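Please read the structure below before turning to the comments.
Order of appearance sets the numbers: ligands from 1, and atoms from 1 within every ligand. Remember, predicted model here, so these are calculated numbers, not experimental data.
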Amino acid sequence: MMGNGPVGFALGLLTAAGGMLGYWGIRTRRGRLFWEHVRDVVTRVRQGDRQARVLSYAGEVRPDVAQMLNDMLDALEDQVNRQSEEQRLLQYVLNAMTTGVVYVDAFGNVQMLNPVAARILRKDADEARGRPYWEVFPDYALNAAICRTLLIGSPWRNEIRLPGDVVVDVHVIRLEDAGASRDTWQEGFHVLVLCNDVTQWHRMARMRSDFIANVSHELKTPITAIRGFAETLVGEDVDESTRDSFLQVIYEESLRMSRLVEDLLTLSRLETQEMHLEWHPVQLSAVVEMAVDRLQPQLQARHLTLRVQSEGDVTVCGDEDKLLQVMLNLLTNAMRYTPPGGCVSVTWETFPDQVKVHVADTGIGIPEEEQKRVFERFYRVNADRSRASGGTGLGLAIVKHIVRSYGGEVGVRSRVGFGSDFWFTLQRCKDPASSDTASGHAVAP
Ligand SMILES: Nc1ncnc2c1ncn2[C@@H]1O[C@H](COP(=O)(O)OP(=O)(O)OP(=O)(O)O)[C@@H](O)[C@H]1O
Ligand SMILES: [Mg+2]
């Protein structure tokens, strides 16, 4: 850096000045020509020695000549210091940026990749530096865009897909000032490549459109049934028993629609309330008892045996209504997917900080490859069967949402034909008397 631009010019001047003094034959105390001493100083400065200065020896060279040369070196050092300070600041800014920045010089060589660009484009910044852009970036569209901007300076913006389903929003622009100063036609424009990872945004957009498609589909099915049966009732003469069965279908389908809307509202409420959840000490056994009481008629109607076993009572952190909803959803599933005569059990294990609750059944079970997906919205192992049994496919998504917002985890172990064990964890409130750990606002994990 010390050899270029104004610095190089100043060093040249210094050498010339030393040469003139040498021509006048002025010698240092050690007998060397003064200009040789100046040349040494210049060489040391060129090699990066910032402390190197011209010595003035009384009587051998006018002290003000040495002083002048040293003043020039001081000024140079100041300038270099300022430049390195600016460079360091620029480096901090580039490192702190959330947008990836790549600088390609007018000859098409990559001169800089900030850390975000290196991460998004999966390149090593040091390895990439100094290499032609087409060697560094294998993506054809990106290369073509850089080439165009380098040659004609026109900007380009698009999304490119990288291996691993990563979507990157790329903006290729020319660097105005640097480009304007190009002096030969062998050089192109200087180019900046700005990139942002938009994979997550794409995933969210896809989830949103899948969600809308699912909701529409789920609403369409009961609406079609209601309309069809209602049309028949309005337009045709039907006997009393047919009319009753049609009305029954209309009633059940309208119930399914209101359940779906209720579940959707619950999910949406959970999402919006997430940031200000209330945490209270809740007796786990009380919540289980409430859920069991509420489902007792269905349990009996389906001839299912219910067992509740626990390692003593435990106080958990949460909201009673939401935890009741978790228990109801899991118990309803256990009942719904267990043939008559089967058994449903609720147990819990206590650990120092948390409690693990199991809702198990001896029902139809879930194939291994589907177990991970049952917590997704609208996912049903056997869609027709679940729909026929009145399910909307949102129950477990609600369970997962509530448990996670209270810092817990959910999971399932299941074997087809033998039954399922759905479990979830909750944080324990050690001392219910002191509400220190249990009240106040919680930040959702
Ligand atoms: N205990 C279980 N045994 C077997 N399969 C189950 C059990 N619990 C859930 N499943 C499967 O997981 C799917 C998703 O369950 P989820 O509770 O989310 O929806 P659903 O029961 O179909 O409808 P709802 O929204 O009314 O609860 C179910 O459709 C079913 O296929
Ligand atoms: Mg369910």
Side-chain angles (χ1 to χ4, degrees), residues 207 210-211 213-222 225 252-271 288 291-292 294-295 298-299 302-308 322-347 356-405 409-424:
M207 273 169 67
D210 285 355
F211 181 71
N214 276 324
V215 172
S216 318
H217 178 74
E218 290 302 323
L219 283 172
K220 221 174 106 192
T221 316
E252 278 165 13
E253 291 300 319
S254 68
L255 281 186
R256 182 218 289 271
M257 272 175 64
S258 64
R259 261 198 315 271
L260 174 68
V261 172
E262 198 56 48
D263 281 353
L264 286 171
L265 284 175
T266 305
L267 266 177
S268 132
R269 247 180 264 131
L270 281 169
E271 276 170 2
V288 173
V292 170
R294 219 179 268 191
L295 296 175
Q298 286 109 298
L299 279 163
R302 291 184 62 86
H303 306 288
L304 297 171
T305 316
L306 177 82
R307 278 207 314 263
V308 180
K322 293 204 175 73
L323 297 186
L324 178 62
Q325 170 120 50
V326 169
M327 283 310 299
L328 284 173
N329 286 9
L330 291 178
L331 279 170
T332 309
N333 281 352
M335 282 170 12
R336 192 180 275 167
Y337 303 108
T338 303
C343 179
V344 175
S345 69
V346 182
T347 56
K356 188 172 183 183
V357 184
H358 299 261
V359 178
D361 61 61
T362 56
I364 58 173
I366 303 167
E368 178 130 26
E369 62 280 7
E370 315 246 18
Q371 288 173 19
K372 264 199 282 306
R373 302 203 58 191
V374 290
F375 292 96
E376 291 173 19
R377 292 169 183 194
F378 295 110
Y379 192 83
R380 284 171 291 204
V381 176
N382 181 333
D384 293 338
R385 187 173 174 169
S386 304
R387 202 176 284 129
S389 62
T392 59
L394 290 172
L396 289 177
I398 293 175
V399 167
K400 182 174 165 181
H401 215 299
I402 295 177
V403 171
R404 286 239 173 130
S405 46
E409 277 304 324
V410 288
V412 59
R413 281 178 58 227
S414 184
R415 245 179 96 193
V416 174
F418 286 86
S420 310
D421 173 6
F422 280 86
W423 58 263
F424 62 93

Between atom CG of L255 and atom CG of L260, what is the distance when rounded to the nearest 0.5 Å?
12.5 Å
Which bit of F422 gets closer than 4.0 Å to ligand 1, counting heavy atoms only: side chain, backbone, both or neither?
side chain
Show me which atoms of ligand 1 lie under 4.0 Å from any heavy atom of Y379.
13 (C), 14 (C)
Is there side-chain contact between L394 and R259, with heavy atoms separated by less than 4.5 Å?
no
Any Lys/Arg nitrogen of R373 or E370 sitting under 4.0 Å from an Asp/Glu carboxylate oxygen of the other?
no
Select one of side chain, backbone, both or neither to describe which atoms of D361 lie under 4.0 Å from any atom of ligand 1, heavy atoms only.
side chain
Measuring from L331:CG to R336:CZ, what's the distance to the nearest 0.5 Å?
12.0 Å
Just wondering, more than 12 heavy atoms not from F211 lying within 6.0 Å of its CZ?
yes
Measure the acute angle between the ring planes of F375 and F422, then classify it against the limits of 30° and 60° as parallel, tilted or perpendicular.
perpendicular
CG/L323 to CD/Q325 distance, rounded to the nearest 0.5 angstrom?
10.5 Å
Give the numbers and elements of all ligand 1 atoms closer than 4.0 Å to a heavy atom of V374.
12 (O), 14 (C)
Closest to atom 17 (O) of ligand 1 among N333, L260, T362, V344 (heavy-atom distance)
N333
D263 and ligand 1 - part of the residue with a heavy-atom distance under 4.0 Å
side chain
What about G395: any of its N or O atoms under 3.5 Å from an N or O on ligand 1?
yes
To atom 16 (P) of ligand 1, the nearest of V416, L396, V399 on a heavy-atom basis is L396
Any N or O on L394 sitting closer than 3.5 Å to an N or O of ligand 1?
yes
Is it the side chain, the backbone, both or neither of I366 that has a heavy atom closer than 4.0 Å to ligand 1?
side chain
Applying a heavy-atom cut-off of 4.0 Å, say which part of R259 lies close to ligand 1: side chain, backbone, both or neither.
neither
Numbered atoms and elements of ligand 1 in range of T392, under 4.0 angstrom, heavy atoms:
23 (O), 24 (P), 25 (O), 26 (O)
V381 to ligand 1: N or O pair under 3.5 Å?
yes
Can you find a pair of side-chain heavy atoms, one from W423 and one from V403, that are under 4.5 Å apart?
no
Below 2.8 Å, any N, O or S contact between N333 and the Mg ion (ligand 2)?
yes
